[in-house]
Amino acid sequence: MENCIFCKIARGEIPSQKVYEDDEILVFKDINPLTKIHLLCIPKEHFKTVAELDDARAALLGRALQKIGAHASAWGLADGYRLVMNQGEAAGQSVPHLHIHILGGEPLSWEK
Ligand code: AMP
């Protein structure tokens, strides 16, 4: 998607603080962190929500979760972390490119 900010980050057209990258996903620091550690994991492929998952995208999302699980400790999240995916504007999704918020680095109450 030409004008999608996360597609631009994935293409390297907008700078980001990357913490992990492979052929199909990118993990970078959220520009407006809500917790001491706040990362975003995106598939490089553009789609908006889980409503658009076909089998290939579902497998891609599974691999993204697998990578998060494998690398979380190295990212400073050994004590635990929260994964959040806002789906649609009413849920607070402001960027229409699927992303997983990775929140941690401090104790998180459920209300937070
Ligand atoms: P959401 O509101 O769930 O769509 O989350 C979008 C997130 O993207 C927010 O937490 C923003 O702070 C973050 N964000 C927006 N633009 C950038 C950017 N250029 N670099 C890093 N994070 C960004």
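Quick caveat, the model's predicted, so the values are computed rather than measured. Only heavy atoms go into these numbers, but all of them, side chains included; no hydrogens, no water, no symmetry mates. Indexing begins at 1, ligand by ligand and atom by atom, following the structure's order.
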Close side-chain approach of His99 and Phe6, heavy atoms under 4.5 Å | yes
Nearest heavy-atom pair of His46 and Pro96: which atoms, and what distance?
-> CE1-O, 3.1 Å
Among all residues two or more places apart in sequence or in another chain, which pass the side chain to side chain contact (heavy atoms under 4.5 Å, CB included) test with Asp23?
-> none
Chain-and-number sorted residues having a heavy-atom contact under 4.0 Å with ligand 1 are Ile5, Phe6, Ile9, Phe28, Lys29, Asp30, Ile31, Asn32, Leu40, Asn86, Gly92, Gln93, Ser94, Val95, His99, His101
Which distance, rounded to the nearest 0.5 Å, do you find between the [atom1] of [X] and the [atom2] of [Y]?
X: Ile100; Y: Leu61; atom1: CD1; atom2: CG; result: 5.0 Å
X: Arg82; Y: His38; atom1: CZ; atom2: NE2; result: 11.5 Å
X: His71; Y: Ile102; atom1: NE2; atom2: CD1; result: 10.5 Å

